[in-house]
Amino acid sequence: MLRASVAAEKVGVRSVSLIMSAFMAQARPVAGSLGVGNLPLAEYKGVHGLDSAEEFRDKVATQVVNQIVEGLASYVEVAAPAKDPGPRDIVFRGSLTEVQGHFHYNTWTDGLPVIPPTIEKVEEFLRFTDRFPDEVIGTLLPARCEATVWNVAVNGVMAGCRPEYMPVLLAIVEAMAEPEWRIEDAGSTPAWEPLVIVNGPIVKELDFNYESGTMRVGRQSNTSIGRFARLYMRNVAGLRAGRDETMEKGVIGTTFSVVLAENEDAVGEIGWKPLSVEQGFAAGQSVVSVQSVLFNSLILLDTRMDGAAELVRRIARAWGQGDIAYWSPAGMYYDKWFPLLVVTPAVAKIFARDGWTKDDIKQYLYENCKTTAREAEDGPGIRGTGYSLCQLVEEGKLPREYCASADPERLVPVFRRPETIAVVVSGDPGVGRARGYTNNHEQGARVSKIVKLPVRWKELLDEDRR
Amino acid sequence: MKNDSTYAAREPVYEVVWPLGRSAAGPPMRLSPPILDLSGKTIGELWSHRGDSDAFFPIIRESLRQRFPDIKFVHYDTFGDTHGANEAEVIAGLPGLLRQYAVDAVISGVGV
């Protein structure tokens with residue numbers, strides 16, 4: 001909502017922004033990144049939901065309104081911004097230990113040791129792209145800082161990536177820089193993490209793990225590139241807590257996700273399409289897809305490997321009507337939701353053997369995963385908007401099936417659009433399991449980008465590995 | 001036992017570059033002129049549709065009306081959800097709506 005305040009200020013309309021205490025530390029740097037560091041703020045001192053109705057009323061009518069009046073009447077000085085270092089400026093000299101201390105003090109790291117980003121190391125990464133180092137890939141909110149080829153390499157060095165990962169790192173940042181990805185919301189309270197999914201020849205070229213422990217730390221490519229994604233969001237998008245202020249408001253939070261690589265041998269064997277093709281790319285292209293993940297499900301299947309109809313029924317019951325149903329209302333309201341189902345090759349083979357495609361699985365989940373209208377209207381994303389499902393249908397914001405009657409116990413679909421559910425084949429080929437991943441709706445939409453390789457890619461890989 | 005100062009003297013020194021991004025925020029913007037008296041002014045309400053934070057607005061309206069009897073309000077429904085899936089469109093439409101309703105100041109909330 002600070003962006004709305006700034007939009008008003010830009011057309012000469014004075015603003016004051018209401019902020020709960022817990023978000024004050026985030027409000028100032030976000031306002032600064034929008035170019036209005038001294039935006040008037042009115043703070044509600046307290047924790048939302050803990051104050052009684054009388055306390056709330058009294059605080060708003062007095063403290064908050066006093067600040068509103070003062071904020072609208074105040075004269076505010078404009079402070080000159082500090083000058084940023086140049087890309088090749090040396091900002092610190094020291095031993096490995098001293099570099100770690102400096103980076104930790106400045107919150108330039110995620111708490112783990114970093115590889116010191118020397119010019120020499122950065123230039124090793126730049127060999128693996130034909131793009132100019134100062135090319136601006138995009139401007140990343142909330143810090144409103146430039147994502148450049150150079151600083152992608154810097155953070156890739158720090159994360160412990162290998163230089164040949166550079167084309168993948170660039171594709172990840174291109175995805176994050178897309179407006180539909182909404183990186184500006186990556187510091188929101190639900191605390192989601194980016195998940196990178198890789199398809200195409202790059203999976204084997206860079207030795208991604210797509211078998212046992214596919215989503216576990218261990219393999220350098222999966223782990224360091226996953227770490228890079230979060231580190232880059234911290235350092236260039238500004239999503240980190242500083243000493244006194246923060247742009248990051250993940251209330252409890254989780255940790256970085258390792259890269260998920262699809263097993264395209266298994267996919268090809270059963271005649272399914274890889275995720276990259278479903279996202280609109282040609283088969284055989286190396287593609288990166290990046291989306292938010294808020295939480296993952298329990299393991300959805302056990303050792304019983306019945307036919308496809310029974311497998312999908314158990315997946316629907318455990319996932320589609322479990323915790324993901326609780327998070328579905330915002331998907332109904334915003335019409336942007338990108339759930340992800342990971343199945344091992346053994347599960348995929350059973351589905352394919354019984355004539356099921358990925359689309360059939362998605363359609364089944366759409367038709368059979370339901371929640372009640374009452375739970376949806378009381379769920380996150382709809383509760384508090386003042387809307388009922390029937391009102392949303394009336395306004396053309398939801399399909400008619402969400403208001404078949406006025407009965408609050410009527411069942412409505414958890415998944416609004418089957419085509420936005422992704423099914424990715426990965427994991428131990430010898431065991432049948434599945435796991436669901438829930439994204440945070442319009443925040444971190446699934447965006448896919450081609451991995452652009454340098455002209456001398458094969459030659460550089462061979463040189464590097466000799 | 002190794003002498004610590006000898007070891008420190010042999011430890012490599014790293015010259016490192018900045019890991020952050022250059023700011024694209026541009027020069028800081030001056031705020032719009034302050035409003036010293038809200039009597040007779042039109043206040044636009046901008047709401048982020050987060051939780052039940054709309055509960056602020058009726059109380060704010062009532063309290064401001066007691067202090068400034070001629071104050072007017074343009075309800076947040078007029079402007080749209082400032083934090084939803086269509087935020088970019090809503091924000092792009094704000095200047096026109098603020099002009100249309102002759103809004104003097106906005107109260108934008110709520111950061112929850």
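Labels below follow one simple rule: chain letters A, B, ... track the order of the sequence lines, proteins then strands, and each chain is numbered from 1.
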With a 4.5 Å limit on heavy-atom distance, are the side chains of [X] and [Y] in contact?
| X | Y | value |
| --- | --- | --- |
| B:Y14 | A:F92 | no |
| A:S17 | B:S108 | yes |
| A:R14 | B:P33 | no |
| B:W18 | A:N235 | no |
| A:V69 | B:L64 | yes |
| A:M1 | B:L46 | no |
| B:V17 | A:N151 | no |

Neighbourhood of chain A inside residues 90-99 of chain B, taking heavy atoms under 4.5 Å as contact
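Within residues 90-99 of chain B, the residues that come under 4.5 Å of chain A (heavy atoms only) are B:I91, B:L94, B:P95, B:L98.
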Please state whether the side chain, the backbone, both or neither of [X] comes within less than 4.5 Å of a heavy atom of chain B.
| X | result |
| --- | --- |
| A:D335 | neither |
| A:V13 | both |
| A:K121 | neither |

Where at least one partner belongs to residues 82-91 of chain A, residue pairs that pass side-chain hydrogen bond (donor to acceptor under 3.5 Å, both in side chains), sequence neighbours excluded
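side-chain hydrogen bond (donor to acceptor under 3.5 Å, both in side chains) check on residues 82-91 of chain A returns A:R88-A:E123.
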Identify all side-chain donor-acceptor contacts of residues 37-45 of chain B below 3.5 Å with residues at least two apart in sequence or on another chain.
| unit_1 | atom_1 | unit_2 | atom_2 | d |
| --- | --- | --- | --- | --- |
| B:D37 | OD1 | B:S39 | N | 2.9 |
| B:D37 | OD1 | B:S39 | OG | 3.0 |
| B:E45 | OE1 | B:R61 | NH2 | 3.0 |
| B:E45 | OE1 | B:Y76 | N | 3.3 |
| B:E45 | OE2 | B:R61 | NE | 2.5 |
| B:E45 | OE2 | B:R61 | NH2 | 3.4 |

I need the B:E87 CD to A:R3 CZ distance, nearest 0.5 Å.
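Output value for this atom pair is 4.0 Å.
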Quick check for you: to the nearest 0.5 Å, what is the distance between B:E15 atom CD and A:I90 atom CD1?
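So the gap between those two atoms works out to 5.0 Å.
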Please, which pairs that meet salt bridge (Lys or Arg N to Asp or Glu O under 4.0 Å) have at least one residue in residues 31-43 of chain A, sequence neighbours excluded?
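Residue pairs with at least one partner in residues 31-43 of chain A: A:E43-A:K45.
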Check this for me, if you would: do A:E9 and B:R30 make a salt bridge, where the nitrogen-to-carboxylate-oxygen distance has to be below 4.0 angstrom?
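Answer for the salt bridge query: no.
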